Number of protein chains: 4
Amino acid sequence: MSAPERAAAQAGPTLRPARTEATRHKLFAASMEIIGERGPHSVTVDEIAAAAGVSKGSVYYNFGSKSEMIGQLLRFGGDILLERLGRLADRPDPRQALAAMVGEALDFLDEYPSFAQLWVSEMWHSASEWRPILSRMRGEVIDLVRAAVTRIDPSGPDEDLDTLATAIFGATLALGRDRHSFHPERSRDACVRAVMRSVAHP
Amino acid sequence: MSAPERAAAQAGPTLRPARTEATRHKLFAASMEIIGERGPHSVTVDEIAAAAGVSKGSVYYNFGSKSEMIGQLLRFGGDILLERLGRLADRPDPRQALAAMVGEALDFLDEYPSFAQLWVSEMWHSASEWRPILSRMRGEVIDLVRAAVTRIDPSGPDEDLDTLATAIFGATLALGRDRHSFHPERSRDACVRAVMRSVAHP
Amino acid sequence: MSAPERAAAQAGPTLRPARTEATRHKLFAASMEIIGERGPHSVTVDEIAAAAGVSKGSVYYNFGSKSEMIGQLLRFGGDILLERLGRLADRPDPRQALAAMVGEALDFLDEYPSFAQLWVSEMWHSASEWRPILSRMRGEVIDLVRAAVTRIDPSGPDEDLDTLATAIFGATLALGRDRHSFHPERSRDACVRAVMRSVAHP
Amino acid sequence: MSAPERAAAQAGPTLRPARTEATRHKLFAASMEIIGERGPHSVTVDEIAAAAGVSKGSVYYNFGSKSEMIGQLLRFGGDILLERLGRLADRPDPRQALAAMVGEALDFLDEYPSFAQLWVSEMWHSASEWRPILSRMRGEVIDLVRAAVTRIDPSGPDEDLDTLATAIFGATLALGRDRHSFHPERSRDACVRAVMRSVAHP
DNA sequence: CATGAATGAGCATTCATTCAT
DNA sequence: AATGAATGAATGCTCATTCAT
């Protein structure tokens, strides 16, 4: 448990000192930037601290360890994505809801490419330190997709709906990363259309 | 350049290539096993050598560096996949050809889960040492898929075909990894069906 | 660039420089002791750190590399020699000035035998990592000697003065090392006299 | 004991197989070339073998170890120098004899710069593996010089003659290396003159 | 005689973590 | 709340040496 966590545990809903919050956010921003590009193992705590403009000691004071810092970073990013997708889930037209979610996901992958890269790298990695966090995120996202898919066509066995949701999830993730790495010219719409073909026939 | 490569570059009748080949294959097999599970950075050369039953020096004698060894491992795995997919590409019925390729890919991802994990992790990683190798593989696989998709429905702009091929690629990869990590009970057929939905309606 | 150098480059009020300085000097002293005896390649960083009573990591924290540490050690020693010789250069009697410099050099070679050995070994070594440092030192020492020689007898071409200065430099170096290795009984005065014979005749 | 040495020990004055002699000389030539430039510790047996165009095993077959190979190389070079200097020692005019020896030494240092470098580096090195060889060489050369000096001016104590001989030795060595490294334009004659100044005045 | 694949002890270097200030 | 000097276990890599062919 890092020092601020200890303090919070003792003091109840402390108004967190502004200085700590600022340091944490500088570290989030800097890590997000460089960890996605170079990978969590290739980036050193020194580099993160330098990029954030704080001392190395601050990382340990605020997060306790490098691993924990990355974990909180992932939670931070995952919450943003889930919040954004959740907002679109209850649109009246189910097909439009799914399309909106795919589009929103593409936007998110575009805005947080480093988070996206980290997710793809670690989610299926059996020995990843962040597997619990990432597989929970994967589960929640796929649940949202499956719900949308089910509203479009509730027939068929549950297993098939889950499989379809996973396929949509994978296609979206791949298109998002591909736009970043290989095809920046590819339009968001074209990607949404390609993904939506799997639920396209009325 | 590793010692065997230097020797090969000079041509001439390689005197004792059998021993070298044996060592290299033992290293390939052992690496494939453990690198995918724990990630290339978390696995040490000592562990690889021990798992292969050779000395650490042999790794360096044969490959020159850990990075180069993994690179050759990736080429090795990629060649297997491409060879397998290529064999299915010219089936008469284009829809059956694509379905066969998706199925074959799933089998491959099942047989070589470590290779699959490494691929997913590093392919879109901008600073990966193996990016050149992996992105070439990605390109060749997507080309195969696009050719199959084009045979099914040649209408529409090229860009859309490329995008669709990428979506199919991503969906298959995700389903393959998901079967390994989260849903071992999910059938190969269900996965193929889910992927094929994007080209299913005549 | 080592960490303290990075810090120094940014200026600002160095907070805890005393600790760093202490560590650096402990390392200088210990290295000077053992590197000259066994040669820079035969001495390990572990040994140096152990001899200095600091951790191996400290060597890297303070100098960045073994090579850089030795480089700074050489600069450190060279500055001492040059400072000592420079103080004697402007004695009124030129012959006495040169004799004093030769004697002082012999004293220095006696006090810092490891530095002397390193200098002799690496100065004329075309591929030495420390060639730039050592050849600059050689140049400055020879310049001092030539100035003294010129004051004794300004006639003759410049080239001859340079050559004579080099001969004096070499003779002194050899006598200094020889006293350490083979003839500890040989007196300082006898050495000075032998060197001074080349400028002895009025 | 290396294999040919074993053979020689058994068979008496064997006519050494031509193949062995050829291999040894190729190795001498190649080592002399690169060891002097890069230092004995920085040069690997692989490099030496490659430069000589023989296999690494041949080095061990012929010399038993890297250290022994360099030792024989040094003996080889030292014999050449001593033979050349010895031939000049009994010239009638003692001053001319010494000048001829200094000149001959400069020629030798010019022809075998790598040997010269190795000598300078290792001769005064207390822990050098080749110290015995090199200090014997140093002794024999200084004896020759002292004999010549004694013939010029036999007065004065023995110790002074020895010291003077060492000074001449050092001056010559330094001028020889300096010509190679820093002043290739400096003439052989100018160097001889500078060295001879210490015995120049009748 | 010669080769070159294999070895493993040894080494320079990295980096997450600690702690006195 | 923050700092940065110091640490040392861990790791990639080198290279002299061996030995089966």
Side-chain angles (χ1 to χ4, degrees), chain A residues 3-4 7 17-20 22-23 41-49 54-62 64-67 69, chain B residues 2-4 6-7 14-24 41-49 54-62 64-67, chain C residues 2-4 6-7 14-24 41-49 54-62 64-67, chain D residues 3-4 7 17-20 22-23 41-49 54-62 64-67 69:
Chain A
R19 194 129 150 253
T20 292
T23 299
H41 294 286
S42 309
V43 169
T44 69
V45 175
D46 267 294
E47 286 173 311
I48 294 170
V54 303
S55 75
K56 195 198 315 214
S58 275
V59 175
Y60 287 88
Y61 183 79
N62 282 288
S65 77
K66 179 187 177 183
S67 179
M69 202 208 80
Chain B
S2 57
R6 260 195 311 278
T14 20
L15 265 72
R16 285 160 281 180
R19 207 154 152 221
T20 292
E21 262 334 88
T23 300
R24 286 176 168 236
H41 295 285
S42 309
V43 170
T44 69
V45 176
D46 270 297
E47 286 173 312
I48 295 170
V54 303
S55 74
K56 195 202 306 216
S58 274
V59 175
Y60 287 90
Y61 183 77
N62 281 288
S65 75
K66 178 186 176 183
S67 179
Chain C
S2 58
R6 261 195 310 278
T14 18
L15 268 70
R16 285 160 281 180
R19 210 159 151 215
T20 292
E21 262 334 87
T23 300
R24 286 176 167 238
H41 294 287
S42 309
V43 169
T44 70
V45 176
D46 269 294
E47 286 173 312
I48 294 170
V54 303
S55 74
K56 195 202 307 219
S58 274
V59 175
Y60 288 89
Y61 183 78
N62 282 288
S65 74
K66 178 185 175 183
S67 178
Chain D
R19 196 127 150 250
T20 291
T23 299
H41 294 286
S42 309
V43 169
T44 68
V45 175
D46 267 295
E47 286 172 312
I48 294 170
V54 303
S55 76
K56 197 202 308 218
S58 276
V59 175
Y60 287 89
Y61 184 79
N62 282 288
S65 77
K66 179 187 176 182
S67 179
M69 202 208 81

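Order of the sequence lines sets the chain letters (A, B, ...), proteins ahead of strands, with each chain counted from 1. Owing to the predicted nature of the structure, the values given are computational and were not obtained by experimental measurement.
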Walk along nucleotides 14-19 of chain F from 5' to 3' and tag each nucleotide B, S or - by protein heavy-atom contact under 4.0 Å, base first, then sugar-phosphate. BSSBB-

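Contact annotation: Ser58(D) reaches the phosphate of dT3(E) (side-chain N/O to OP1 or OP2, under 4.0 Å). The phosphate of dA6(E) has OP1 or OP2 within less than 4.0 Å of a side-chain N or O from Asn62(B). At the phosphate of dC1(E), neither OP1 nor OP2 sits under 4.0 Å from any side-chain N or O atom of Thr23(D).
In terms of the side-chain hydrogen bond (donor to acceptor under 3.5 Å, both in side chains) criterion, Ser65(B) has no residue partners (sequence neighbours excluded). Qualifying side-chain contact (heavy atoms from CB on, under 4.5 Å) partners for Ser42(C), counting only residues two or more places apart in sequence or in other chains: Arg38(C), His41(D). Residues meeting the side-chain contact (heavy atoms from CB on, under 4.5 Å) test with Ser55(C), sequence neighbours left out: Ser58(C). Remark: Lys56(C) engages Asp46(C) in a salt bridge (Lys or Arg N to Asp or Glu O under 4.0 Å) (not counting sequence neighbours).
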Determine, step by step, whether Val45(A) and Met69(A) satisfy the side chain to side chain contact (heavy atoms under 4.5 Å, CB included) criterion, reporting the C-alpha distance in whole Å, the side-chain angles of both residues, the deciding distance to 0.1 Å, and the verdict. CA-CA 10 Å; Val45(A) 175; Met69(A) 202 208 80; over 6 Å; no

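When the P atom is used for both dC1(E) and dT21(F), the distance is 22 Å, rounded to whole Å.
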Per-residue pairing states of DNA chain F in dot-bracket (Watson-Crick or G-U under 3.5 Å; . unpaired, | other strand) read .||||||||||||||||||||

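Nucleotide dA16(E) holds its P atom 11 Å from the CE atom of Met69(A), rounded to whole Å.
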